[in-house]
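A short write-up of the structure that comes next.
Only heavy atoms go into these numbers, but all of them, side chains included; no hydrogens, no water, no symmetry mates. Quick caveat, the model's predicted, so the values are computed rather than measured. Within every chain, numbering begins at 1; the chains are lettered A, B, ... in the order of the sequence lines, protein sequences first and strands thereafter.
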There are 2 protein chains.
Amino acid sequence: MVTKVFVSAQEVAEKAGVSRSAVSRTFTPGASVAPETRKRVMEAAEALGYHVNHLARGLMRNESGIVCLIVSEMGTPYRSSLIRAVTQHLQNSGKIAMLINTDRSDGSVDRALRQAIRYRADASIILSGQPDKSITQLCLKNGQRLVLINRDDAQPGPFRINLDDKEAASRILTAFVRAGCRRLAFANSEVGTPSLMAREHGFVAAAAALGMEVAVERFGPTGYEAGKVVAQRLLTRKERPDAIFCANDLLACGVMDAARHQFMMSVPDQLCVAGFDDIEQTSWSSYDLTTFAQPVEAIAREAVAFLAEPGSAEDDGQGRSIRLHAELIWRGSIRGG
Amino acid sequence: MVTKVFVSAQEVAEKAGVSRSAVSRTFTPGASVAPETRKRVMEAAEALGYHVNHLARGLMRNESGIVCLIVSEMGTPYRSSLIRAVTQHLQNSGKIAMLINTDRSDGSVDRALRQAIRYRADASIILSGQPDKSITQLCLKNGQRLVLINRDDAQPGPFRINLDDKEAASRILTAFVRAGCRRLAFANSEVGTPSLMAREHGFVAAAAALGMEVAVERFGPTGYEAGKVVAQRLLTRKERPDAIFCANDLLACGVMDAARHQFMMSVPDQLCVAGFDDIEQTSWSSYDLTTFAQPVEAIAREAVAFLAEPGSAEDDGQGRSIRLHAELIWRGSIRGG
DNA sequence: ATCGCCTTTGCAAGCGTGTGCAAATGCTGC
DNA sequence: GCAGCATTTGCACACGCTTGCAAAGGCGAT
């Protein structure tokens with residue numbers, strides 16, 4: 001048997017004995033249609049298994065309801081929880097998420113944005129990587145909205161959501177000092193994402209303001225294994241640190257495991273550790289890590305709210321930028337509290 | 001300024017001095033178009049920032065290139081790694097993933113499938129939950145392909161990918177016995193997913209074949225906290241188990257943490273533990289858990305390969321079913337080895 | 001009965017694309 | 001020079017939907 005095609009509004013109209021427009025209006029919120037007509041249409045549609053073709057609707061309305069999520073390393077705890085929150089909020093506001101994987105290669109994000117354009121996505125939300133200026137301009141010109149999450153230094157135009165990374169770094173420094181720590185260190189990856197660097201610079205600057213030095217070590221990707229390597233390097237220095245602020249929870253877990261299992265150090269007695277993101281694992285009792293919570297729900301809410309706003313995508317060529325607060329989640333990896 | 005609309009093939013055709021069909025053919029692989037014409041078209045398209053409208057193309061071809069991923073708890077390590085693998089494979093074969101969040105509520109999966117139909121997805125891949133039979137039939141009738149992953153007991157029709165859960169359970173039992181364990185237990189959630197139950201039943205059956213009993217405890221959702229609760233219940237029994245097979249790595253992490261930190265037991269000396277999924281955290285040195293690896297890449301490959309196959313979605317009303325192997329990853333949570 | 005108003009309905013145009021068909025073009029071999 | 005053929009091109013229709021517009025119908029007030 002040849003693949004059957006989907007039911008069309010025409011067939012529903014015939015079955016219900018009305019015009020095709022009536023069917024269309026029945027499924028268009030706010031359209032003018034008599035209750036009796038609507039009922040007949042609904043019944044016919046139900047019987048035939050009719051579903052509005054959103055491809056065609058998007059074509060007409062010039063509004064597909066699709067929002068592209070562009071993200072790399074989506075298997076990571078923080079990323080996946082953000083994806084979950086965003087898709088959920090999108091669904092709640094009647095939109096739908098399209099997911100595109102990127103890698104660190106050049107043009108990866110640009111290719112993703114091209115794909116978003118092809119599917120006439122209403123908007124794209126970029127969680128990773130740096131789009132090229134020319135392509136973001138193309139998106140905006142075409143009326144496609146753009147949201148950048150945690151991509152601090154990106155060019156203006158898109159809507160940008162960031163955290164108070166530097167201020168958080170300064171708060172955690174205070175906590176370390178109160179705990180009596182004096183030999184400070186910062187564990188980072190070599191990726192150089194704006195938010196990671198903001199935490200590093202914020203921490204170093206806050207320490208400098210107190211006349212303290214920070215041992216900074218960077219290695220590899222922003223993950224657990226890199227954390228182990230960084231810890232090895234830091235803990236074999238002549239001046240062994242007694243406090244390590246990690247750019248990321250994954251790094252922090254690696255740092256803790258290396259400190260405990262390879263260097264037989266006790267956390268927090270001999271070493272205080274803090275991370276960033278508040279991924280689920282930090283609350284597990286093997287880690288019990290003091291960290292900053294990414295306001296995942298708030299980020300998703302703000303991003304989706306922006307998409308729902310009326311007005312052109314580029315009405316204010318400047319774009320807008322908001323900064324959300326990262327709350328300090330106090331657990332057991334720092335003394336005192 | 002009013003939101004500008006996207007560039008159409010018409011405009012490209014005018015700029016290139018050819019007909020609209022020529023533009024269309026230029027972007028249709030395998031279409032007949034002279035090299036010179038193609039070149040002119042490509043240049044005009046590039047200059048204007050033209051991108052084929054996949055909504056319209058999908059409308060014409062009756063093939064959108066969209067594949068729906070239907071999944072609950074997508075923030076979970078195993079789920080998110082599967083999402084990553086599947087989206088990547090889809091992209092490699094020229095398709096694109098649409099992501100829909102479901103919860104445990106009734107009809108949640110059905111609503112997701114309806115959404116897939118509205119966007120005329122070429123296929124839907126279900127990673128969680130149980131679709132209603134009527135809706136899956138609707139999908140198949142409409143030529144939409146369906147893939148069920150780890151949903152063992154689902155009705156026939158869709159393409160089904162499962163693991164050898166029961167056999168794995170039997171293998172891990174052997175390992176426990178070899179390690180000298182005699183008081184066996186199984187830690188499960190109350191969710192009752194087919195694959196989780198298959199592991200439980202396989203373990204109990206294999207033990208029975210050796211004349212051994214298994215203490216089974218189930219609680220809550222399939223996560224870390226539930227694992228802790230289950231461990232508390234198991235380890236306060238009169239007959240304290242010396243081996244626990246967990247339906248899931250998350251449960252296993254909870255079990256290990258409870259055993260170590262609440263009951264001060266040593267793993268694997270006093271208690272052997274095994275899990276399932278091989279999520280990244282199991283390789284972290286705080287856990288170092290012996291577990292079974294979900295063949296995530298193979299699952300994604302098989303699923304996408306199925307979608308690429310020619311032939312109607314329902315040509316063989318029975319659907320097909322394959323069973324993949326879960327490899328035992330030997331680490332340090334079981335004695336010996 | 002007539003008018004004006006509001007609600008509902010059908011018509012038809014249009015969204016941006018793919019593709020069958022026939023016409024046009026160029027080339028080969030005689 | 002011409003028939004025969006392969007390649008390329010344009011026309012026009014189709015895909016399934018939305019929506020402006022005008023006509024139709026109902027109803028109360030005059």
Quiz item: What nucleotide, of dG18(C), dT18(D), dT17(C), holds the atom closest to the side chain of Thr28(A)?
Solution: dT18(D)

Quiz item: Less than 3.5 Å between a donor and an acceptor, one on the side chain of Ser21(B) and one on the base of dC11(D), is that the case here?
Solution: yes

Quiz prompt | Integer-rounded Å distance: dG16(D) C1' and Arg61(A) CZ | solution = 13 Å

Self-check item: Proximal nucleotide (of dA13(C), dT9(C), dT19(C)) relative to the Arg20(A) side chain
Solution: dA13(C)

Quiz item: Out of dT17(C), dC15(C), dT19(D), which has the shortest distance to the side chain of Leu59(A)?
Solution: dC15(C)

Quiz prompt | Pair Lys15(A) + Glu11(A): basic N to acidic O under 4.0 Å | solution = no

Practice problem: Mind checking Ser8(A) for me? I need base, sugar-phosphate or nothing, with any heavy atom below 4.0 Å counting as a touch. | Solution: sugar-phosphate

Exercise. Between Val18(A) and Val23(B), name the one whose nearest nucleotide on DNA chain C is closer to the 5' end.
Key: Val18(A)

Quiz prompt | Distance, rounded to the nearest Å, where Arg38(A) contributes CZ and dT9(C) contributes C1' | solution = 14 Å

Quiz item: Counting distance only, does the side-chain N/O of Arg120(A) pair as donor-acceptor with the main-chain N or O of Ile117(A) below 3.5 Å?
Solution: yes

Exercise. Taking only the side-chain heavy atoms of Val33(A) (C-beta and beyond), determine which of dT9(C), dG18(C), dC17(D) contains the nearest atom.
Key: dT9(C)

Quiz item: Arg40(A) CZ to dT9(C) P: how many Å, rounded?
Solution: 9 Å

Quiz item: Which part of the nucleic acid, if any, lies within reach of Phe27(B) when heavy atoms closer than 4.0 Å are counted: base, sugar-phosphate only, or nothing?
Solution: nothing

Quiz item: Which one, dT19(C), dC17(D), dT18(D), comes nearest to the side chain of Ser24(B)?
Solution: dT19(C)

Self-check item: Asn62(A) CG to dC17(D) P, straight-line distance once rounded to whole Å
Solution: 18 Å

Quiz item: Roughly, in whole Å, what's the span from CG in Asn53(A) to P in dT18(D)?
Solution: 9 Å

Exercise. Would you please say whether a donor-acceptor pair under 3.5 Å links the side chains of His89(B) and Glu297(B)?
Key: yes

Quiz item: Atom CG of Leu48(B) and atom P of dG16(C): how far apart are they, to the nearest Å?
Solution: 14 Å

Quiz item: Which nucleotide in the list dG10(D), dG10(C), dC17(D) gets nearest to the side chain of Arg25(A)?
Solution: dG10(C)

Quiz prompt | Side-chain donor/acceptor of Arg160(A) to backbone N/O of Pro158(A), under 3.5 Å | solution = yes

Quiz item: To the nearest Å, how far apart are Glu63(A) CD and dC15(C) C1'?
Solution: 14 Å

Quiz item: Whole Å only: how far is the CZ atom of Arg120(B) from the P atom of dG18(C)?
Solution: 19 Å

